[in-house]
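Just so we're on the same page: letters track the sequence lines, and every chain starts at 1.
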Number of protein chains: 2
Amino acid sequence: MSTADDILDLAQDYIQTRGYNGFSYKDIAAKLGIKTSSIHYHFAKKSDLGCAVIRRYITDFERHVRQAEEKEQQGPEAAWQALDQYLGPFIETAHTGTKICLCMALGGEIMSLPSEIRAEVGAFFSFNEEWLSQILHKGKESGAFQLNDHPEHKARIFFSTLEGALLITRAKQDEKYFKRIIHSLKQDLAP
Amino acid sequence: MSTADDILDLAQDYIQTRGYNGFSYKDIAAKLGIKTSSIHYHFAKKSDLGCAVIRRYITDFERHVRQAEEKEQQGPEAAWQALDQYLGPFIETAHTGTKICLCMALGGEIMSLPSEIRAEVGAFFSFNEEWLSQILHKGKESGAFQLNDHPEHKARIFFSTLEGALLITRAKQDEKYFKRIIHSLKQDLAP
DNA sequence: GTCTATACAAAGATAGAC
DNA sequence: GTCTATCTTTGTATAGAC
């Protein structure tokens with residue numbers, strides 16, 4: 001792992017815990033045992049670092065979701081497996097007890113962020129909704145899911161709930177809270 | 001309106017738009033045409049200001065919700081009226097296009113906040129869940145609502161969705177998004 | 001690629017005059 | 001209650017040596 005990767009890892013960790021405006025180059029430098037000027041060598045400005053973090057996050061997330069699509073061939077169990085694959089990172093995040101979704105953290109301070117980062121946050125949210133919408137639609141066709149609303153609407157509700165629950169779970173320091181939400185969300189889709 | 005109130009108003013506005021770590025005494029002083037030392041006279045430390053803002057916010061919110069309880073006497077329409085009264089501030093916030101719920105904004109940076117503020121954020125979330133849980137329970141009894149889950153679980157889902165949707169709506173700059181979520185949430189409760 | 005040195009502005013805060 | 005003045009620390013960033 002290169003220094004640049006170490007910096008990205010730490011920056012992402014800081015954003016997910018303290019927010020973009022809640023950490024500095026000094027924090028990262030101290031943890032890595034280097035000087036802030038070394039970080040500026042890899043990422044000239046803080047906004048460059050922020051952009052790099054969110055782009056990597058989205059790329060990794062989309063790769064993860066594409067693996068879910070591979071599982072989701074046809075048949076009822078496949079749709080549920082794809083949904084579980086999708087939910088994995090959210091459950092892991094909740095499990096930390098200290099982090100929320102990176103884009104949720106950035107979304108909370110979005111009016112103070114450079115426009116490049118704003119755009120990425122919006123794109124992440126749209127991607128999730130569209131992907132969920134598709135899988136809900138397919139799951140409905142295959143009989144895996146039963147929906148009381150249009151797939152697009154259901155997808156938005158589902159995603160808003162997931163993200164909101166992550167933040168609230170952390171504030172309450174109660175991982176069980178999140179698990180119950182996941183359970184209710186899945187139950188709501190069951191035929 | 002006193003200067004202290006003006007400071008509180010501006011601080012709240014800044015937190016809801018830019019986050020707690022996204023504004024400074026200088027920002028507020030500039031807007032009010034005073035010096036930062038004058039703000040320190042009213043609120044010695046930034047954390048004092050933060051605490052005052054969230055405490056006022058919660059007090060005002062609880063007063064608003066208590067008015068909803070008065071509407072919620074008995075009968076099916078009453079439960080729906082109480083719910084609409086409750087939803088008012090969320091809809092107003094979404095309408096600004098720039099703000100999210102104060103506690104959501106603080107919740108996003110909670111790991112960087114003083115413990116007094118952390119505790120208030122958690123209390124706000126718990127209050128909302130408990131209030132919603134009660135009204136869902138009563139509405140179910142009166143036949144106003146039909147629930148496919150326990151009132152406590154439904155309340156948590158409902159609240160998580162509401163808060164998550166506020167943040168996502170702002171990031172996407174699409175108020176219609178929030179209105180559709182509200183519509184779906186209400187439809188889901190209808191018998 | 002990392003360091004030292006440095007600049008320069010911003011942030012949080014205090015002391016004391018008016 | 002607000003001001004001026006001051007202080008300290010932090011944050012972001014650059015120049016140039018190693």
Side-chain angles (χ1 to χ4, degrees), chain A residues 1-56 105-106 108-118 120, chain B residues 1-56 105-106 108-118 120:
Chain A
M1 283 270 280
S2 67
T3 302
D5 287 332
D6 291 342
I7 295 167
L8 285 169
D9 288 346
L10 274 168
Q12 182 178 329
D13 204 290
Y14 273 124
I15 296 171
Q16 290 186 270
T17 50
R18 304 178 54 90
Y20 181 84
N21 294 318
F23 80 99
S24 72
Y25 273 28
K26 201 180 172 187
D27 296 321
I28 293 176
K31 283 230 180 192
L32 289 181
I34 59 175
K35 301 293 168 181
T36 59
S37 51
S38 302
I39 304 177
H40 280 285
Y41 169 80
H42 295 283
F43 305 96
K45 296 183 215 162
K46 192 182 179 183
S47 60
D48 296 332
L49 174 56
C51 273
V53 168
I54 190 169
R55 288 196 180 123
R56 188 185 65 159
L106 293 169
E109 352 176 55
I110 204 159
M111 306 298 288
S112 74
L113 302 180
S115 59
E116 320 96 79
I117 297 184
R118 277 194 218 198
E120 299 285 352
Chain B
M1 284 271 279
S2 67
T3 303
D5 286 332
D6 291 342
I7 295 167
L8 285 169
D9 288 345
L10 274 169
Q12 181 177 330
D13 203 291
Y14 273 125
I15 296 171
Q16 289 186 270
T17 50
R18 304 177 54 90
Y20 182 84
N21 294 318
F23 81 98
S24 71
Y25 273 28
K26 202 181 170 185
D27 296 321
I28 293 176
K31 283 230 179 191
L32 289 180
I34 59 176
K35 300 293 166 182
T36 60
S37 51
S38 302
I39 303 177
H40 279 286
Y41 168 79
H42 296 283
F43 305 97
K45 296 183 214 162
K46 193 181 179 184
S47 60
D48 296 332
L49 175 55
C51 274
V53 168
I54 190 169
R55 289 199 178 119
R56 188 185 65 160
L106 293 169
E109 352 175 55
I110 204 159
M111 305 300 287
S112 75
L113 302 179
S115 58
E116 320 95 79
I117 297 184
R118 276 193 219 197
E120 299 284 352

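Between B:T3 and D:dG1, a side-chain N or O to OP1/OP2 separation shorter than 4.0 Å is absent. Residue A:T36 places no side-chain N or O under 4.0 Å from the OP1 or OP2 atom of D:dT12. A close approach under 4.0 Å does not occur between any side-chain nitrogen or oxygen of A:Y25 and OP1 or OP2 of D:dT12. Distances shorter than 4.0 Å separate none of the side-chain N or O atoms of A:H40 from OP1 or OP2 on C:dG1.
The interatomic distance linking A:Y14 (OH) with D:dG11 (P) rounds to 10 Å, in whole Å. Taking atom OH on B:Y41 and atom C1' on C:dC18, their separation rounds to 14 Å, with Å as the unit. Rounding to whole angstrom units, CG of residue B:N21 and P of D:dT10 are separated by 15 Å. Atom-to-atom, CZ of B:F43 to P of D:dG1 comes out at 12 Å; the value is rounded to the nearest Å. Distance, B:D48 CG to C:dG12 C1': 12 Å, rounded to whole Å. Rounded to a whole Å, the CD1 atom of B:I39 is 15 Å from the P atom of D:dG1. Distance A:R18 CZ to D:dG11 P: 9 Å, rounded to the nearest Å. Taking atom NZ on A:K35 and atom P on D:dA15, their separation rounds to 20 Å, with Å as the unit.
Residue A:K46 is classed as a sugar-phosphate contact, given heavy-atom separations below 4.0 Å to backbone atoms only.
Closest approach of A:D27 to A:S24, counting heavy atoms only: OD2-N, 2.8 Å. Here the closest heavy-atom approach between residue B:A52 and residue B:F43 is recorded as CB-CE2, 3.8 Å. For B:R118 against B:M111, the heavy-atom pair with the smallest separation is NH2-O, 3.5 Å.
For B:K45, the listed nucleotide lying nearest its side chain is C:dA13; candidates were D:dT2, C:dA13, D:dT12.
Checked by atom type and distance alone, the side chain of B:E109 never pairs as donor or acceptor with a backbone atom of A:G22 at under 3.5 Å. Between the side chain of B:E116 and the backbone N or O of B:C51 there is no donor-acceptor pair closer than 3.5 Å.
Side-chain contact of B:D5 with B:S2: a donor-acceptor pair under 3.5 Å is present, judged by distance alone.
Taking only distance into account, the side chain of B:S37 meets the base of D:dT4 through a donor-acceptor pair shorter than 3.5 Å.
Aromatic ring orientation, B:F23 versus B:Y14: parallel (interplanar angle below 30°, classes split at 30° and 60°).
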Strictly under 3.5 Å: I want the nitrogen or oxygen pairs between protein and nucleotides 7-10 of chain C, one per line.
{"from": "C:dA10", "atom 1": "OP2", "to": "B:K26", "atom 2": "NZ", "distance (Å)": "3.3"}

